[in-house]
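Taking it in order: structure first as structure tokens, then the write-up.
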Amino acid sequence: MATEKRDKEEEEVKTDDGSLKIKPRPIVQLGIFLVAHSPVFSVVFSAAGVLALLILPLLAKNTYISENALMPGSARSMLSNRDVSDGSKLVKDIKNYRLNHEGQGVEVQKLIGKYMSEMGAEVYYQKFHPEGNQFHPLHFFSGPDSYTLLDNVSCASYGVNVAGIIRAPRGDGKESIVLVTPYDFINGGDYEALSLGITGTLFSLLARVTWLSKDIIWLVADSRYGDYRPVAAWLTEYHSPSFKDSDLLKCGELNTADKFRRAGTMAAALVLKVDGRSERFEDTLSIYAEASNGQMPNLDLINVVNYLAVHRQGFYVKVEKVVSLLSSSWLKIIGEIFEAVGKLAHTLNPDWNFGIPTADYLEGSATLASSLYSQALGIPTGPHGAFRDYQVDAITLKVSPRFPPDSKTRQHDFFLRGAKLLEGTIRSVNNLLEKFHQSFFLYLLTSPSKFISVGVYMIAFALLVASLPMVAASLYIDGCKALNNSTLNPAGNFKSWKWLDAAKQVFALHLFGLIVTLLPYFICQVPGQHSPSNRSIMWGTTSSSLLLITFATIPGCSPFSSRRHGTNWAVLKSVTISAAFIGLCLMSIINFATAEIGALLLVPTCLIVQPIKPALRSRRIKSLLGAFCSMVLLTIGFPVMLFAISKGLFGEGLVGLSLGGEFWTWLESLWAWKSATYLYIGMVHLPCWLLCLCILFHPS
Amino acid sequence: MKVLTLVMLLCYSFAFSSGDTTIHTNNWAVLVCTSRFWFNYRHMANTLSLYRTVKRLGIPDERIILMLADDMACNARNEYPAQVFNNENHKLNLYGDNVEVDYRGYEVTVENFLRVLTGRHENAVPRSKRLLSDEGSHILLYMTGHGGDEFLKFQDAEELQSHDLADAVKQMKEKRRFKELMIMVDTCQAATLFNQLQSPDVLAIGSSLKGENSYSHHLDSDVGVSVVDRFTYYTLAFFERLNIYDNASLNSLFRSYDPKLLMSTAYYRTDLYQPHLAEVPVTNFFGSVMETLHTDSVYKAFSSKTSNNKINSEMPLNQLSEHDELQKANIQNDELKTEKQKCPYTQMRVDLHKKLEKLENVDTVVNLGIAVMLLVVMVSSSLL
């Protein structure tokens, strides 16, 4: 306090003196310096942001088990041949039954249930309605499935899950571990049945071991209606019991009323799937971890599985990657440059070992891109996503054996190794005393054993958006000066309100964005069956007419109005950039990957965009180039265009002219999974894109 | 004032002259495992192994305070219910019959540990949970758990610092709760825990130096955890060769630690401990080996011993008295005693007995001493 006062006095003395200027604090000086040189710094920061993103594969660290209690692989496997033959018998029985019987019954479920109860487990069946998720604007971010209590359900289609619970012999019954094997009881192939074999083998063992401290639940999910839905339905019933008898319970010959059983809170869940034949010499294990809105399970769970699979059971472990990036030449060149720089640095100082071979860099980048993309999309990559909604750490393990499904001899070995992997993982989780909490929740994977933590990957985003407030401030100052020069009217004393006109326009367009975001809900309410393309056309027309109405009703909003006293484009751009900055920062909290990819598109567009008319008038190469760049960026930035490009990038070619329909389906999937990316596109990206368009065609 | 100082002097003399000369009459052991959780199985196994060893070497259960912070035997994750092993061969169940755990689970706290050492208990605490040692006790204090630089973690929630330990030992010494104390610690950076110790007659040994970790010895792949720490494992290996009649010295124990096998350097602090380690049998701490002494009459040895003590205790007061010669004799006597009070125990006893026989005029010495004391008191009070 005292020093502050003295400072003030000193300042006053200096100002009274008149000749001396107040010396601002260093931080203010730095700010003024940055704002004054904003064009240079904005380019430097944006370039650094992109470079930081490219450099991420180099900064990836090796994963490590950070929870002491896990101790993976410290216990010897107790699986015996008897367990394996139990599992093989189950698979054989199911196959035989499926060969001899056709139809819709629940006999296969009963077969599995019988196997479970023979093992000494508590068995029950659960019926669920395959009703998919529907878009409701109010259900974003709300608790999972608050709308499942449907009153008028038909018995026409429903699925039946089987679940068995092994109680821990000396456990306290407060915790459980969940094993999920999705299986289509009607159309399931031979490979799918193998997952039942592995889990059956494991279940046979777990039923007789003495070391369980958590109950084991084995859920055979009826994947007739997709993998996700049965698991989600089971989880809903597990966590929010309904005390009203649903009509569904009485459907069919199987009465499942009052049978639902529970174990304690779930410590972890493992989803096991077997599909296809491995392309490699070894059996392949793919790990899927992304849940809705870029949420990840604790890294320790992935580490345990990866450790056991690689070092104990000899699986080839992989995570998803963008295959097309592996062969891209520009990325290869970048990788080579990084390798050369790394080598150079190593010769300068042998302690600098950040260089990695180009091939590793390519692998890392492709995996990182896939990791970023899956997180940004906000759609879970498997049934494990349903668990994340209840804060349960879960991953999907997809195993591809290297043999055809009818090879008996290989099958025995495959069951043994698969069950050993699961046994080791379960024993590790069984050792846990608390929820997973030691390791990271916010990370990106660059390989199954390498990760980038939040502290590192935030840098790229921070650098990208850092230029926005700087440029906004400098533009605002420029805009105010320009206004003062052009309009020397007495209203000039409302100097600080210059931004209000621009803010009105920005607000109007954001409001428009909100309405466009909510429109699909009403379009879905339109009676009658409509194809996705029809719906998208409906959506497009209503949106564009709404946009015209907005331009017409709100004065000074339209880019085509020729009124001189419209808003100054510099101030408009300044406010637009501020809005984009706020939107991106908010999004980075909700889903970092979306914000990162969004920033990659939005930041250059916002920075580069300028009115096209003066540029065309001046006919200077530099301004023409700027105008061309902004045109290109704006074309790419249109969400539908973006969707088409990303489709092309990921090698899923477009199906002719049904772009609108595909886009609609894509968005439908986004809101069905309650992905915040949808909100981001509607409420941040679209308005900012429109505002940039306004600036581009600004009549100045 | 002077009276007060005198009285204090008197007390002081009482307190200090007697401790060194009392003979070793009993043995106690305080065995502490400070860590919870299943993955710390080995700490409980360490403690139970030592419990078994000291019991085998003769310390009775009522003189062992066993503190176990968690119950591994009944943990649901234990593949062998109600059994604890310290070796993967599973030959020896440490948690068999007759294991008396005095403090278990959440009772094992720093507070309770310090209460045990210093003897400050609530009235309701039963005798079995108290360390009822006296000035003739040899105490073994064994601790294991997770430690660091000058601290030992208790229960994952609190920690015992080296200051706390030193303070507790000091209090014990002042309260004459031990004759000799041996502290054995198996934690990471165990040596740092002894940094603040100042009290005499304390021998300390730790499993590792500052900056070193103490490692587990091996993993039991059936139980799925490490079952014993290296330092304790090799300590036990040393004791397994011994029986109650063996005369192995502390020195041989300390020499048996090989830094290569331990993967850390065992550290022992002897500056507070006078006797030569080579002459102290390990059973002085890890066992309870008492020589029985045949006396002619029931009370004679006892009474002569107390009178002898009294003389010693009054020595500082009598320094200017006329009984110089006698005192010299006494002092010599003392020296002789302390010299002889070493390993060949019976020999010393016999010598002492002979000396006592020679001292005919014990009673007169006492009476004279009291008279002089009274005189001094009177003079000083009159001066006041």
Side-chain angles (χ1 to χ4, degrees), chain A residues 65-80 166-177 205-216 263-265 267-268 300 304 307-308 311-313 420 422-438, chain B residues 33-45 69-90 93 95 105-106 108 144-148 153-157 187-188 213-230:
Chain A
I65 310 270
S66 84
E67 169 69 80
N68 280 331
L70 284 170
M71 300 184 290
S74 64
R76 189 186 298 130
S77 174
M78 296 166 73
L79 273 170
S80 65
I166 296 175
R167 303 283 175 190
R170 285 175 297 127
D172 51 10
K174 286 177 186 163
E175 284 181 298
S176 59
I177 303 169
L205 167 78
L206 293 179
R208 62 182 172 85
V209 294
T210 52
W211 44 258
L212 284 180
S213 74
K214 299 174 175 38
D215 299 345
I216 304 289
T265 32
D300 264 346
V304 169
Y307 176 83
L308 291 172
H311 297 287
R312 291 289 187 277
Q313 307 308 330
K420 270 184 181 175
L422 290 181
E423 184 205 356
T425 313
I426 282 177
R427 196 148 187 188
S428 276
V429 177
N430 184 57
N431 283 340
L432 275 185
L433 300 140
E434 295 147 311
K435 271 177 70 117
F436 278 104
H437 66 281
Q438 284 280 355
Chain B
C33 155
T34 66
S35 33
R36 289 192 77 71
F37 306 141
W38 173 242
F39 59 91
N40 291 322
Y41 182 99
R42 62 181 188 279
H43 293 147
M44 185 172 156
D70 204 347
D71 187 0
M72 299 306 169
C74 298
N75 194 309
R77 296 165 185 87
N78 193 350
E79 206 190 318
Y80 302 92
Q83 297 180 68
V84 176
F85 299 104
N86 68 355
N87 199 311
E88 61 180 340
N89 61 21
H90 297 166
N93 175 19
Y95 211 69
Y106 289 111
V108 182
T144 181
H146 289 287
K153 205 164 79 167
F154 268 68
Q155 296 273 1
D156 218 33
T187 69
C188 294
N213 288 334
S214 294
Y215 292 99
S216 60
H217 185 263
H218 67 269
L219 181 106
D220 183 336
S221 46
D222 284 335
V223 185
V225 285
S226 303
V227 284
V228 68
D229 277 318
R230 283 176 177 265

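Quick note: numbers below take in every heavy atom, side chains included, and nothing from hydrogens, waters or symmetry partners. Naming: A, B, ... by sequence-line order, numbering from 1 per chain. Owing to the predicted nature of the structure, the values given are computational and were not obtained by experimental measurement.
For Ala69(A), the parts sitting under 4.5 Å from any heavy atom of chain B are the backbone and the side chain alike. Residue contact with chain A, scored on non-hydrogen atoms closer than 4.5 Å, involves the backbone of Asp220(B) exclusively.
Aromatic ring pairs are classed by plane angle as parallel below 30°, tilted from 30° to 60° and perpendicular above 60°; the pair Trp38(B) and Tyr41(B) is perpendicular.
For the pair Arg77(B) and Phe39(B), the cation-pi criterion (under 6.0 Å, within 45° of the ring axis) is not fulfilled.
For Ser221(B), the side chain to side chain donor-acceptor pair (under 3.5 Å) partners are Arg76(A), not counting sequence neighbours. Considering only residues two or more places apart in sequence or on other chains, Asp71(B) meets the side chain to side chain donor-acceptor pair (under 3.5 Å) condition with none of them.
Counting heavy-atom pairs under 4.5 Å between each of Lys214(A), Arg170(A), Arg427(A) and chain B puts Arg170(A) at the top.
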